[in-house]
Structure formats: structure tokens, C-alpha cells
Amino acid sequence: MVEPLTIPDTSPGSATTKVASYDIYLTRFLNPDGTLAAEPPAFATDREQARALYELMVRTRLFDKKAVALQRTGQLGTYAAVLGQEAIGVAIGHALKAEDVFIPAYREYAAQFARGVPMVRILQYWGGDERGMDYPAGTPSHHDFPLSVPIATHIPHAIGVAYAMKLRGEKRVVLASCGDGATSKGDWYEAVSAAKVWNLPIVFLVNNNGWAISMPSHRQTGAQTFAQKGLAGGISGEQVDGNDVIATRFVLERAIERARNGEGPSLVEALTYRLHDHTTADDARRYRPEQEVTDAWDRCPVKRYKAYLEARGFWTAADEDALIADGTAIAESTAQEFLKTAPQAPEAIFEHLYERLPKSLEWQRDEVAARGPVGGH
Amino acid sequence: MVEPLTIPDTSPGSATTKVASYDIYLTRFLNPDGTLAAEPPAFATDREQARALYELMVRTRLFDKKAVALQRTGQLGTYAAVLGQEAIGVAIGHALKAEDVFIPAYREYAAQFARGVPMVRILQYWGGDERGMDYPAGTPSHHDFPLSVPIATHIPHAIGVAYAMKLRGEKRVVLASCGDGATSKGDWYEAVSAAKVWNLPIVFLVNNNGWAISMPSHRQTGAQTFAQKGLAGGISGEQVDGNDVIATRFVLERAIERARNGEGPSLVEALTYRLHDHTTADDARRYRPEQEVTDAWDRCPVKRYKAYLEARGFWTAADEDALIADGTAIAESTAQEFLKTAPQAPEAIFEHLYERLPKSLEWQRDEVAARGPVGGH
Amino acid sequence: MPNLTMIEAVNLAMASEMRRDAEVVVLGEDIGRNGGVFRATLGLLDEFGPDRVIDTPLAETLVAAMAIGLSTQGIKAVAEIQFSGFLYPCVDQVVNHATRYRNRTRGRLTCPMVIRAPNSGGIHAPEHHSESLETTFAHMPGLRVVSPSSPTRAYGLLLAAIRDPDPVIFLEPTRLYRLFKQPVEDTGEALPLDTCFIDREGTDITLVSWGAMMHDTRLVADRLAEEGISAEVVDIATLKPLDMDTILESVAKTGRCVIVSESPRAGGWASEVAANLAEHGLLTLFAPVMRVAGYDTVMPLAKQERVYIPDVDRILREVRKVFDIAPK
Amino acid sequence: MPNLTMIEAVNLAMASEMRRDAEVVVLGEDIGRNGGVFRATLGLLDEFGPDRVIDTPLAETLVAAMAIGLSTQGIKAVAEIQFSGFLYPCVDQVVNHATRYRNRTRGRLTCPMVIRAPNSGGIHAPEHHSESLETTFAHMPGLRVVSPSSPTRAYGLLLAAIRDPDPVIFLEPTRLYRLFKQPVEDTGEALPLDTCFIDREGTDITLVSWGAMMHDTRLVADRLAEEGISAEVVDIATLKPLDMDTILESVAKTGRCVIVSESPRAGGWASEVAANLAEHGLLTLFAPVMRVAGYDTVMPLAKQERVYIPDVDRILREVRKVFDIAPK
Ligand SMILES: Cc1ncc(C[n+]2csc(CCOP(=O)(O)OP(=O)(O)O)c2C)c(N)n1
Ligand SMILES: Cc1ncc(C[n+]2csc(CCOP(=O)(O)OP(=O)(O)O)c2C)c(N)n1
Ligand SMILES: [Mg+2]
Ligand SMILES: [Mg+2]
């Protein structure tokens, strides 16, 4: 772990001058048991707003569960579960404005749902259908980026998007998110570094869920925090308890509004935990102790926030039953809709290759069309 | 410029905790006028050692001048001058041990000379001859890396080299150097980040000479210092006055010995100034004020250190005359040797492509050989 | 009509389109005050200001990625990479994102962007400054790859590239930047991006090339003409998508074909042309299809680059072989 | 002799060579405790320890660059890239450094390293996991590019790759990882890296392929045999350097050739083979050289990947065209 640089005794004191100092802070409102660590911000004391956060969290968890079940029964391809990290997506979804642009990694379904991506699209995508990334017109998600499977390489797109906003004098913000592992990639760093050069309206969010597949985050980097990686680009970095939906929304909103007001980019490291295997193709028992997972369940964002809502008198057992029933039904009907997705025409692989298919490729498209459906999946 | 993160008033104080703090220091012994800012370390008060640093600095400057003259008269290809930055190369050359590995950028000729690269090799390289990177057996340079023209991409090679040393239990150190511009590249960051993961014996040196071709270093990054970029990987970073050969050697030696003792990687930002055009193909008057260059001459490392040596009684006008005469003669004879370099056989382009030329390429080599020399250069 | 070098024509195309379309921006290393290392962006900063003429940090992956981000927002990004050898850090972004956002999002997000870079050798530049990258990119689906062979084509093709709704890699032959001038009028008229140009008509042999090697190929055609051999010269210009129709038609007429390119021979774009001839032109060919290409070696440093780069002699030798096998 | 899948054979080759040579290390993402996402490195951590079985940070450029650094010190680095689509970040390091240190330093620093990666589609994997990268690398001078088509070849070729004094890109067809088993004995004997393998002898047509498509190509040969057509099947195996002699010899005998590959058609390695035939084999060919390849589209997601990947039907159709033009 990093040691703050100290000049050893061998150095004559007067030869050195301190030229810069940086501190990294962590924000948390809710303790793991749901009790308050500090007075919560206004949105968390407003009954409707406070309930909305919970509802999205639970609906996302129910969707997630269904998706895993579909995969386990051979009805869905590899799927990346969000179990345990739902609070972050919920916070993003509520912190961003409609006109902002979200550039997600591949697990922030809650945020995507909040921005208008139909649940069925996520299933279609992991089911191997490009139409799963065709987010609907008329929703904020229509100008959002699709899930990004290549780690970190989507992050520098935020630079271009935010630069375009700045060029046009728009008061919009970009939120680009990734995992802890992603921060090891040069693409991520090039973006973080460039963002401050133009003081762009970007919030970089790092979902530190403790693992990058089998690599624990403390072996991914020698840095004490992921938040401090922002310092490399001169960007304020801070940590937040990512399993505390109040704190996460609070910190993100603050960073987003700073960006909107021309105060430049920020980096937020949200501390969370991946309760599921990396994806359905992974078996985490190979590399991580079960005890660690059991312990992490104690910090689960859903349980924690429910305790808070109940303590405030915002949530009852009846509310819970109704939500579970409704969320389960929606997940189920989404699954049915997914399974009934009409296949694409084979020649659709040429449809959006170029705006207009070059003449020299027409024979390939025609060959595919003439052949018709090919067995396989 | 970066602001240390402060939690605005809107945040209830108790919701935040400070989790980490970092300070960045600058070291300097010699003021720009050559007077002492602090008591110098032992090597600078030892007459022979102290003189050796100066001699290498001046010889390098004379070589550099000759190289530029050769280019200006059409006898050399594009050349990257080191004018104004000689102290850093000298410091590297004296701080590294013979068994260490130097992975240079393209301006650290002084260090290369110290490690046994014949001056003529540098001319051959910029003259467009691969043999200019064939550093002689029996010298430390024989296991050093060649000049690296692609910016920053050589830096992560240090990870592999240092890992090999660690694997073999060797007490050797790698010094990998680059410019300020290079720190914007992902390759650079991936290396800095990985170095701490394995606590490798590496010193990353950033020659912050104020410019990356036409880009001033304060527009290259929003970070207040380049030293703090190490924090992104959990690495101690510090600044040194790179025009103060005493401080630079002192700081580098300290970092190198830390690495040798298993204390892991460091990052040193050496503050200097590029007094010449970027290369002979560049015309810096297009983009930088002449006044800035004039001012920078006041901080010249050669002048500064000479004043120090004179004040100590280590250097006389006669010493100076002798050194200039000898250095000039050597530069001149190096130029003559370079101009007499026998051409390579055309088929040499196949000679070191693979250890053994694949059979399928033999016809290409034979075609070239049969054709003989081709006009051109 | 002003007489322009290729680099001036490139500059004119950018300036012209930036005047016409306020949503065109240029970006890259040292392209602002410095006007680019080859001076392609000279004067653009003064005319269009630093918001549209963007000096980037030294990070080629970022440059490509930023162009992607800009273009998804409808800003037409024209990125410059300083030297061809530094295009490689863009490969991942281009192949995994620029060419895919349209397809991935079913047309929702698109990348109307251009990456311009000098290409090929012959100017005694330092290491890594002289490579020929066209095939690496031309193999990528969803991309356009263009390389002009004259000032007029540079002007018209670059306009077309900037206006194209999809990503374009625009490779400018460094060696031709200042080799010759042509009258270029700023008509704002683009050239087509999906056809080869018949540079000169002929009946006895088809010489196919693009970019820098077009120059030597033209000289060979001159030499052959002196000998009474009529060469048809095809400038591929847009390598991808490849207009084989024009080439096949020419070869159907001449029955002989030599393809000239500077990039390494193995797996080079000349091989793609020859493979198409082996499939579709076989029955009209009188003689083997010869490729004259760079050797399968690392691009040598300046002293030996002429050994590597095909020249009139090497091309002529292959042409002679063709006529030896199938005399006129 | 144990019956092994290809992934087991790959694992065995690494373990075997690591036992033999203490200076062989493996590195990559999740290759330690997890044994690699495809389990190619299963058991290596336990046997050889974390110093030689190196879990790296999530950074492919670093992985390639670290392998370069290690190999310059004489440590034989065998790097794994998790999925083919993530090989692109290695391109710059491979082409600008791995293939050049030997040449650049006139033999002083060398890069005896291997980068292994899964290659090609067909296993319903997520986006970016199914691309075919062989041509991108095979175009680079100074490199070796190898792709095995069976467990025995995977074992023997990987041993050869690890022992080779120059950098090797070793592309393992994901689709074949567990498709079939073969008896593989741990003899420590390497296969040659500079020759194609005649997979089966024949007289009427030469079918050329490598990697995953060898499987379908073999099935086609079976089908043709049923019809009384004798196909010679050539497994290129080592794409670069390319042993054209074996292919030319075969085509000289059969007079017909179809080349089968999964990577995009335009500028793919099939084109390189065809181009060589157009130059050196033209006079022995009875019919056009056909390429059956991936379409020039982005690799589709799982639902449509079978549309993209050539199959027995598509190969057969081209074979029929050849016999239509030049009947047996
Ligand atoms: C460039 C790239 N390399 C490797 C992979 C394979 N891969 C998929 S997810 C993953 C780990 C990501 O870890 P992290 O960034 O922490 O995100 P998390 O999955 O924990 O949310 C890896 C290595 C990939 N998708 N992209
Ligand atoms: C990857 C790459 N991109 C671009 C270039 C062109 N180039 C050569 S030097 C240079 C500026 C380097 O600046 P810096 O790192 O500060 O080093 P300095 O020249 O100031 O010593 C650039 C952009 C290059 N050589 N390599
Ligand atoms: Mg993670
Ligand atoms: Mg600099």
C-alpha cells in the first residue's frame, strides 16, 4: 500500500519543499445495519422520493434473479449479474437528468431502467441479439451508450461526448462508469487525464465491487484507494459507500451538479461488493472464500435501506409484499416477451454496417438472404 | 489545476471521513545562480566526483552541438537535441550501477555515454542506421534498451525486466525515463500502476522539460505536478530540480537504492527546460515566446553547476579551456567516424528479422542481395 | 486556379469543409499553433479558434476515442495522427468501437469521423514514421480506408471522407506531400468514395496501385509507353470498400496485371486484389498476377528504406516477367 | 496415452515446458487461482507458484509489454489474452516492439515470447469474444502466427512456439477447445513451425484451411469422398511464415483449390494464399481459386454468428462451383 512520500533523514531538511497535498474522503449516511451515520439529505426524508429508490432497487434485483434463472435453464447466454450492487445503478438513475448522457459498463441495469431501457432489451442483448442495444426513442436512454463489454475502452468516449456538449454550450453532463479492474487500463487513464485538461462535465464512476473476475481489488492496484487515481489527472476523487443508496446518490448528484456548473470533472469510487459470480460463466468458489460472501451479505444495500425506510415509517410489510409480487410478475412477463422475440433476418448482419451498404458488399448480403435462416443457436 | 477535495458545506460533516492524505515534495540543492539552497550530499563535495559530473555535462553539450551542426548541413537525419537537459542524463549515468538496466526515451545521451554507448552510435541511429542501437558488449549499455521513439510505449517493458530481476533474486534496478508528454499515454500509466502491484525495483523518471513539441506541460495535464501521477498507482512521487545535477543525482540515487532494497518503485519528476527546438525538424518559434527561452537560459544546468564548482575551488578557467578543447575534438572526431561509417549491405534488412530467416523469405533476401545497392539517401 | 501541393490540398479541404459546416472539428497532437508536424492544419487555429481546432494530450488511443465520442454526438471529428507508426494505438478503438456503434445500436449511435495520418516512407524520417498501415485497417469491417495519390484527389476524397456518415481512415502518402503540385480549385465538390480511378487508359497490361506508389507506377507506364506498351493505370484510392469491378473490367481488356504497393507483401492489400483476380478474373488472365510490394521485413531506418520501397526498376522487372510469359 | 481435448493439450504443453525449463513463465488475467477463463492454465499455480504463474492487472497492453520485457531478459513469457477481441490493445506493442527489438538492436535484445489467445466464434459467447484475428497479426513482419486445429497439433505447436527464439502469436480456436479428444502423449516433442500439414491426401481438389475451420473442412472432405471426389486437405497451422511450397505442390497435383477461413474475407489470410496461387500456381489451375470466408461484417452476436461463420454448406457450394467450371 502507498506510503505518503517522506524525505528520509539523509536529506538536509532545507533542500525539500512541500509543493502539493491531497486528501481523500469517504461519505456514508447509512451504516450497514440501516442506522444513520449522519443526517440524511432532503431526498431521503421525502417519502415518495425515498420509496422510489427502494422500489427500483428491488425491481432490479428481481429482474436479475430471473435473468440468472433463464441462463441456468439454457434460455439466455452468459449474463453479468448485478446482485449486491443495485444501489449504485439506482443512484445513477436518479442523479442524472434526462438530457445527460450515461456511458455504462455492463452491470448498471437499474440506471438503465430508470433512463428508459426496457428490461427486455437487457435480456435480448445477453441473449445475443443486437436489438438489445436499440434503446427507445423518447426516453433518456435513447442518447445513452450501450453496455460496454470491452473493459474501460468506452470511458474515453466520454471525452468526445462532453467536449461536444461544451462546444455547443449545453449544460449537460456525462457519467461514465466502470469497475475497479477497469482502472488498470490505459484507456481509462487517458480519459481521466484528458477530462481535466478541458475541464469537461464528466463524472467518472468506479464500481469497486472488490473483484475483477478472480482478481481482488487490492491486488489490482497498489493504491490505497481507487479515488486517488483521479489525482493523476488533477481530478478530485472521493469514495462513497456504494451500498448506501443515499450516500451514493448524494455524492453523485453533487459531482454531477459541479460538472453542470462548469466546475469540471470528478471521480467517485463507490465501495460495494459483487455477491454473485462474475458472470453466469464464472464459478467464484474457485477463487474466493465463501465466508467473504456471507459477510458481505450483511452490508447488502437492499436490506440496509429497507431498515432505514422502515425506521422512518416509509415502508411496511404490506408494501414489501406488493412490491415483490409486482416486481416478480414484471420479471416474469419480461422473460416471456424475451423468449418470444422474433428472430432477426439473417441479412440483418449487413443492415447497419454502413449507413448505405457499399455496392461491393451487396452480393454478400444477397447470398445470406438467399440462403435463409441457418441452424445454430 | 487540481483542488484538494473539500466537502462542501451542504454535506453534513459527520457523513465524511478522511481516508488518505498525500504530500508532494520538491528537492533542490543548487539555486539557479549556483549558490547553495542546502548543504550538498557527499558526492558533491568530493573534488573528483564533483568534477566528473561537470565534465560529462559539458562533453554531452558539445556532442549535441555537433550533431545539430551535422543535421543543419545535411549530413545527419532528424536529431533530438538535449540542450538544457544534460544534468538529468548525467545524474542517471552516475546514479545507476553497471548491472542496472536503463530504458531511455530519446534524449538522455549523457546517461548513455556514461553507460558505455559510443557517441558515434547516437549519430548512426539518427543517421538512419540500425547499427546505432547495437551497444557494445562489455559495457553496461549492452543490456540497456535502445532509444525509444514511440512515446511511452517502452515504459511498460520495465515491468517485465524488473519482474525478471525479482524472479531471479537479483538486486538490480530498472530506470525507465520519458518526457512530460509521455505521461498522457495509457502505456505509461499501465506500467506505473503495475509496478506497485509487484513492488518492483523500478524508478520512473519524467523529464518535465516544459513542452511536448508545441504543447506546454501545463496544457498536457490538469494535474499540478507530474510527480503526483504516481499516486494513481500507489507510488511515491516527488519533484526534483532537474537543472540541479546534485539534487537530481541525489534523488535518483535514493529512489534507486530504495528499489534495490526491496522498497518498491518510485516516480521522480525532474523539472527542466528544453532550450532547443523539439528536434531539428521543428521550429519552436512557431509556438513559444522567445522570452521564455531567454529566461530559461538563466536556469541552465551547466552554468549553475560551474558556478558551484568554482565557488568550491573545484574548477578553474584552465580546466574549462581544456575541457572545451577536448570535448570539441572528441565531438569532431566522432562526426568524422560517423561520416565514414561503411554502408550496410542491402540484405542486412533481413539479417535480424528472425533468429533464422524462414525459408519462405529467402527469395526476398536473395532478390535484394542480387540487386545490390539502391540509390537514395 | 491555385497550384497546390498535396499537403496544401489536404489543408484546403479541411478549411473549406469547416467553413461550410460549423460542426466539423479537427483534433490531434500539435495541430493548433504549430499547424501539425507536416503543417496540414496550418491557419486553422487562427480561422476557427481553439474550440474547433483541438490540441490534444499526447495519447493516440484518446484521440481516436475522443473522435468516436464527438462523432456520436453529430460533431464531425477529423483527427490527425502524427505519423503512421503511431496509428497502432488507435486500432482497438477503431475496430471495437468506431466501426461498431452503428451496428451495435442498430443505427442509433453512429461515427461520422475521419482519422487522417501520413502513410508510407521515402522521406528519411526517424524510426516508426514510415510504415504503411492501409491493410491493417482495410481488413476491418464497417470501415472506409482511403489513400489519395495526387493533390486533386486528396482534396476531393478528403471532402468525401469528412462528409461520409461512417468512419474513414484517410492515409496521406508522406512522400507525395510536397512532391508535385496540381491546380486545385476550392469547389467543395467531393470525389466518390466507392470507385477506383482509371488514371490512364491502356490495352496491354493493367497496373494497379494507390497512394505513394501511384507515382512510381505512373513512371513505369511512361516507360512502357516509350517501348510501345500501353498500360492501363488504376488508382484504387478507396481501398475499402474495394471496387473490384473497375479492376476486373480493365484486366478483362488487358489480360495482364501487376499490383504495386508499399506495405509488406504478406497479407497486404495487393494480395486482396490478386485473390479477387484469382477468383473472378482467372479466365481472362494471360499471365500470372504479380505483386510488387514492400518486403516482409520491419521497415528499415532511413539509410535502407530505398531497399525496401518498391521502385520503377522493381515494378518493371515484374512487368517484364508478365510479358515474358504472355508476350504482347 | 491419455485422450485430451485441445484445451487440455494446451495446458499440458505449458506444464510440460515449465517443468523442463524453469525460465518459462505464464502471465495474464485470471490465469492463477482461476486457471484462466477457459481453464488453460488449470493447476499451473499449484505446481509452479505465483512467481511463475502471474495474475496480471486488467491491462492487455501491459500484458504484451510485460512479456516483451521478460523475454528481453531471457525469460520465456507465455502470455494469455482472455478473448480474441481483447488482443487489439496488444497490436501496438507487438508490431512496434516485440517484432522489432531483435532487428533494432542487431540481435542484442530479443523477444522469445508467446501470446496465446482464443480465436474465432461459434460458442455463443458475448460481444467481442468471437473475432478472428490471425490476419491482423500475420501481416506483421518478424512475427510467427500459429493456429492449431487439433489437440495433438496444439500440444506440439505450442511447445514449438514457446521454444521459438522469436515472438509468436498462438491463436487457439475456441470452438475446438472441447469439441473432440485425441490421444496426446507428453513426449516433449515439438512440431515444426514452418510447414503446412497435409491432413489428408487427395487428387481432385485442394482444400486449404487452419484453426477452427479445419473441422468443417474435414467434414467437407468426408462428404466429397462419399461422392467419389478425392480432396487433399492442407492445414496451414503456421500462417506466418507461410509455407506456400506445400500448397503449390498440392494444387499442381489437383488443379483446383478452395480456401476456407473464418476471418472477414477482405484482406484475410485466405487472400494471401489465393494471391500466391494467382502468381505461382496460375498455370496449373483448372478453375478459379475460391475463398470461403467470414462476411465483411462486424462479427454478429450469438444469435446470428452461424450466419457469419462458414459451414459445410457454404464450403460445398464453392467446391461445386469449381467442379462446374472444371469437371473432374
Ligand atoms: C479489454 C477487456 N479485457 C478483458 C475482458 C474480460 N473481462 C470481462 S469482465 C472482466 C473483469 C472486470 O472487472 P471490473 O472492471 O472490476 O468490473 P466488474 O466485473 O467487477 O464489475 C474481465 C477481465 C474484457 N471484457 N475486456
Ligand atoms: C506514440 C507517439 N506519438 C507521437 C509521437 C510524435 N512525438 C515525438 S516527440 C513528441 C513529444 C514528446 O513530448 P515529451 O514526452 O514531453 O518529451 P520531450 O520531447 O519533451 O523530451 C511527439 C508527440 C511519437 N514519437 N510517438
Ligand atoms: Mg470489479
Ligand atoms: Mg517534454
Side-chain angles (χ1 to χ4, degrees), chain A residues 1-5 7-8 10-29 37-41 183-190 193-197 199 219-225 227-239 247 250 254 264, chain B residues 1-5 7-8 10-29 37-41 183-190 193-197 199 219-225 227-239 247 250 254 264:
Chain A
M1 292 301 104
V2 70
E3 292 288 272
L5 179 80
I7 304 289
T10 48
S11 156
S14 54
T16 66
T17 329
K18 191 193 284 189
V19 291
S21 285
Y22 304 101
D23 299 317
I24 304 292
Y25 290 88
L26 166 73
T27 299
R28 169 189 291 140
F29 291 100
E39 265 320 297
T183 67
S184 290
K185 290 266 299 179
D187 300 65
W188 183 84
Y189 166 76
E190 292 190 5
S193 177
K196 186 76 181 178
V197 167
N199 216 41
R219 280 178 57 211
Q220 186 69 239
T221 178
Q224 197 175 335
T225 68
Q228 77 199 54
K229 286 175 174 270
L231 296 176
I235 290 182
S236 298
E238 62 178 307
Q239 287 187 322
F250 174 79
R254 187 173 58 188
Chain B
M1 292 301 103
V2 71
E3 292 288 273
L5 180 80
I7 305 289
T10 48
S11 157
S14 54
T16 65
T17 328
K18 192 194 284 190
V19 290
S21 285
Y22 304 101
D23 299 316
I24 304 293
Y25 290 88
L26 166 73
T27 299
R28 169 190 291 140
F29 291 100
E39 264 321 296
T183 67
S184 290
K185 289 265 299 180
D187 301 64
W188 183 84
Y189 166 76
E190 291 190 6
S193 177
K196 187 76 183 177
V197 167
N199 215 41
R219 281 177 58 212
Q220 186 70 240
T221 178
Q224 197 174 334
T225 67
Q228 77 198 56
K229 286 174 174 269
L231 297 176
I235 289 183
S236 299
E238 62 179 307
Q239 287 187 321
F250 174 79
R254 188 173 56 188

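Order of the sequence lines sets the chain letters (A, B, ...), proteins ahead of strands, with each chain counted from 1. These values consider heavy atoms only, across backbone and side chains, with no hydrogens, waters or symmetry-generated copies.
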With side chain to side chain contact (heavy atoms under 4.5 Å, CB included) as the criterion, how do A:Ile24 and B:Tyr22 come out once you've worked through the C-alpha distance, each side chain's angles and the decisive distance to 0.1 Å?
CA-CA 9 Å; A:Ile24 304 292; B:Tyr22 304 101; 4.3 Å; yes

Looking only at heavy atoms, which two atoms of A:Tyr189 and B:Lys185 are closest? And how far apart?
CE2-O, 3.9 Å

dist A:Ser193:OG -> B:Trp188:CH2 (nearest 0.5 Å) comes out at 9.0 Å

A:Glu238 side, atom CD; B:Thr16 side, atom OG1 - distance, nearest 0.5 Å
9.5 Å

Heavy-atom pair of closest approach, residues A:Ala232 and B:Ala232
CB-CB, 3.5 Å

Working for side chain to side chain contact (heavy atoms under 4.5 Å, CB included), residues B:Thr221 and A:Lys196:
CA-CA 7 Å; B:Thr221 178; A:Lys196 186 76 181 178; over 6 Å; no

How long is the gap from CG on B:Leu231 to CD on A:Gln228, to the nearest 0.5 Å?
6.0 Å

Note: A:Val19 and B:Gln224 closest approach over all heavy atoms is O-NE2, 3.4 Å

